[in-house]
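Below is one structure, written out as structure tokens, with a few remarks after it.
Chain A is the first sequence line, chain B the second, and so forth, proteins listed ahead of strands; every chain is numbered from 1.
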Amino acid sequence: MKLHNTLTSKTDDLQPLNPPKVTVYTCGLTVYSQPHIGNWAAYIYWDVLVRSLKAIGYDVVRVQNVTDVGHLTSDEDSGEDKMEKGAKREGLTAWNVADKYIKIADHEAYDLLGLLRPDYMPRATEYIPQQIAFVEELEKRGFTYTIASDGLYFDTSKLDDYGKLAKLNIEGLQPGARVAYKGKKNVTDFAVWKYSPEGQKRDMEWDSPWGKGFPGWHLECSAMARALLGDQIDIHTGGIDHIPVHHTNEIAQTEVITGKPFAKYWLHNSHIKVNGTKISKSLGNVYTLQDITDKGFSIEAYKLLILSSHYRTEGNFTWAILEAAQNRLNNYTRIAALRHQPLATQLSKQADFEQAALLIKKSLESDLNTPQALAALSETLAKIEEIGLHESQVAPFNTYLQSVRDILGIDLLVANITDEQRAMIKNRKTHHQAKDWEESDAIRSELKEQGIGLADTANGTVWYRL
RNA sequence: GGCGCCGUGGCGGAGUGGUUACGCAGAGGUCUGCAAAACCUUGUACACCGGUUCGAAUCCGGUCGGUGCCUCCA
């Protein structure tokens with residue numbers, strides 16, 4: 001498996017720390033509002049990553065956290081906690097907001113998108129003792145300092161290699177838009193523990209050796225990754241936006257304590273744009289899965305749209321592009337339905353399904369080249385459409401479709417029609433042969449209402465799902 | 001201002017120093033009761049300017065353009 005590693009800026013061969021085990025940590029959602037299609041794009045890619053690793057034979061242990069506290073509205077450690085802000089907006093407590101969006105996200109990810117559930121999905125609020133212990137260790141090593149009535153901060157100047165992931169130019173940060181928060185020793189310093197504002201009661205706050213408050217956002221990933229996966233992990237994934245701050249700070253904290261490289265491979269997905277520009281609330285182009293189904297498109301088509309571009313490419317979303325993906329998917333399912341309708345065609349011309357499956361696997365082993373994998377899938381299906389499926393090839397074809405589902409997460413195992421529907425098709429054939437077009441067409445339109453389309457080909461009538 | 005990414009045929013989007021990516025859409029044709037599908041034919045792409053090379057869209061430099069993070073948003 002070759003993967004592009006942000007840390008080395010190169011596409012490296014995956015060499016796990018303890019093969020065949022591969023540990024994967026994915027930065028999860030902050031559960032304070034409705035997830036949008038851009039959020040899901042990232043998880044679709046990492047889902048295929050995990051599926052590919054498993055297909056290769058690795059024993060994957062995956063953690064994906066749930067950020068339910070501490071994520072501020074600014075990377076400057078100023079501003080509000082997104083959770084508390086969401087609570088205010090919805091007239092709920094922060095705890096209720098978290099529960100609400102965890103439920104929604106869960107439904108969308110695992111019911112609608114059909115992603116694989118990670119082995120662990122820890123909530124930051126469930127790991128407060130571990131986070132406090134983590135900060136205590138940082139403090140013991142002299143990496144922290146206090147800003148009165150604000151919080152405990154990590155002193156990034158004490159690290160020689162701070163910013164190695166992002167290749168940060170610390171000097172360059174000074175004159176820019178990024179203004180140092182008051183009291184910080186260095187612009188890049190970040191909070192590991194924030195105090196509850198004086199005279200205010202937060203929904204989420206805990207006692208700590210430094211006073212009542214809540215953990216810094218970056219801390220949770222470091223603490224939970226360590227608690228669940230150990231001092232070192234193989235692969236850490238996340239959005240490209242997390243490179244300069246969040247992941248940089250995770251590395252700083254963890255490596256101070258363990259003295260070892262945190263993650264061996266850092267994978268980052270680019271963001272998908274909408275209408276050629278970034279997804280942003282102020283631009284009003286924040287779409288959800290609901291919007292997709294409301295327009296009559298399928299969630300599976302959206303997955304296909306995402307996988308049609310590489311995870312490191314800035315993808316684009318428009319309704320026209322989604323329509324193209326939907327058409328492509330419809331063609332796939334129409335051909336996949338042939339698994340129930342073998343023809344007495346020439347066996348010698350059949351596709352080599354084992355080879356075809358291997359082609360997909362090889363593409364994904366090449367830094368998760370999903371567009372290339374889909375091209376291979378398209379070519380295989382096109383061949384079946386062209387020559388039909390021989391009776392003896394039904395089983396290999398099904399095996400192939402299963403591997404497509406397992407590795408790409410695209411389910412083309414189209415269900416068979418009912419006996420009744422089969423009888424209707426047979427009945428229509430009788431009328432058709434008798435040139436009784438009226439009756440023949442009536443049956444056809446009745447089937448259409450049941451979601452079954454018919455095509456009279458040179459080899460007879462073929463059905464497909466609409 | 002700092003850091004980064006990208007520029008491929010109508011749209012989306014891979015890849016490679018010399019060979020058809022692939023998909024969607026379009027055009028012409030064959031077939032066909034109709035419909036749908038299929039099949040055949042069709043686009044000879046790689047921002048621009050230099051350089052390296054026998055040969056570059058693919059490597060190097062520059063120019064122009066777009067876009068992202070640093071601020072609500074993955």
Distance-only donor-acceptor test (3.5 Å): side chain A:Arg444, base B:rC34: yes

Quick one: does A:Asn331 reach the base of B:rG23 with a side-chain donor-acceptor pair under 3.5 Å? no

What distance, rounded to whole Å, do you find between the two P atoms, one in B:rA56 and one in B:rC49? 14 Å

Could you tell me whether the phosphate oxygens of B:rA74, OP1 or OP2, come under 4.0 Å of any side-chain nitrogen or oxygen in A:Tyr32? yes

In Watson-Crick or G-U wobble terms, with both distances under 3.5 Å, the base opposite B:rC59 is B:rG51

May I ask which nucleotide in the shown strands pairs with B:rG4, Watson-Crick or G-U wobble, both distances under 3.5 Å? B:rU67

Side-chain donor/acceptor contact of A:His432 with base of B:rG33 under 3.5 Å: yes

Heavy-atom closest contact (A:Arg312 atom, A:Thr11 atom, distance): NH2-OG1, 4.4 Å

C1' atom, B:rU16 versus B:rU8: distance in rounded Å? 13 Å

Specify the residue among A:Ala375 and A:Ala41 whose closest nucleotide of RNA chain B lies further upstream toward the 5′ end. A:Ala375

Under 4.0 angstrom, heavy atoms only, what part of the nucleic acid is A:Leu454 near: base, sugar-phosphate, or nothing? base

Can a side chain N or O of A:Asn39 be found less than 4.0 Å away from OP1 or OP2 on B:rA74? yes

B:rG43 and B:rU52, which share atom name C1', separated by this distance in whole Å: 33 Å

Once you apply the 3.5 Å cut-off to both distances, tell me the Watson-Crick or G-U wobble partner of B:rC39, or none. B:rG29

Taking the six-membered ring for Trp, are A:Trp437 and A:His432 parallel (under 30°), tilted (30 to 60°) or perpendicular (over 60°)? perpendicular

Once you measure the plane-to-plane angle for A:Phe317 and A:Tyr287, does it fall in the parallel (<30°), tilted (30-60°) or perpendicular (>60°) bin? tilted

Any strand counts, and the cut-off is 3.5 Å on both contacts for Watson-Crick or G-U wobble. Which nucleotide pairs with B:rU19? none

Using a cut-off of less than 4.0 Å, is there contact between a side-chain N or O of A:Asn327 and OP1 or OP2 of B:rG23? no

Would A:Arg117 pass as a cation-pi partner of A:Tyr110, given that its NZ or CZ must be under 6.0 Å from the six-membered ring centre and within 45 degrees of the axis? yes

Phosphate OP1/OP2 of B:rA38: any A:Arg334 side-chain N/O under 4.0 Å: yes

Quick one: is B:rC69 close enough that its OP1 or OP2 comes under 4.0 Å of any side-chain N or O from A:Lys273? no

Touch class at under 4.0 angstrom, heavy-atom based, for A:Arg312 against every strand present: nothing

Is the phosphate of B:rC69, meaning OP1 or OP2, less than 4.0 Å from a side-chain N or O of A:Lys278? yes

Round to the nearest Å and state the distance from A:Asp367 atom CG to B:rU16 atom P. 11 Å

When you look at NZ of A:Lys429, are more than 12 heavy atoms from neighbouring residues, nucleotides or ligands closer to it than 6.0 Å? no

Could you work out the separation of B:rU20 and B:rC73 based on their P atoms and round it to a whole Å? 48 Å

So what does A:His36 hit on the nucleic acid, given a heavy-atom distance under 4.0 Å: a base, only sugar-phosphate, or nothing? base

Please compare A:Ser309 and A:Glu323 by the position of their nearest nucleotide in RNA chain B and report the one closer to 5'. A:Ser309

Can you tell me whether the side chain of A:Asp456 and the base of B:rC34 have a donor-acceptor pair closer than 3.5 Å? yes

Distance check, rounded to the nearest 0.5 Å: A:Trp46 atom CH2 versus A:Cys27 atom SG? 10.5 Å

Phosphate OP1/OP2 of B:rG68 contacted by A:Thr277 side-chain N/O (<4.0 Å): yes

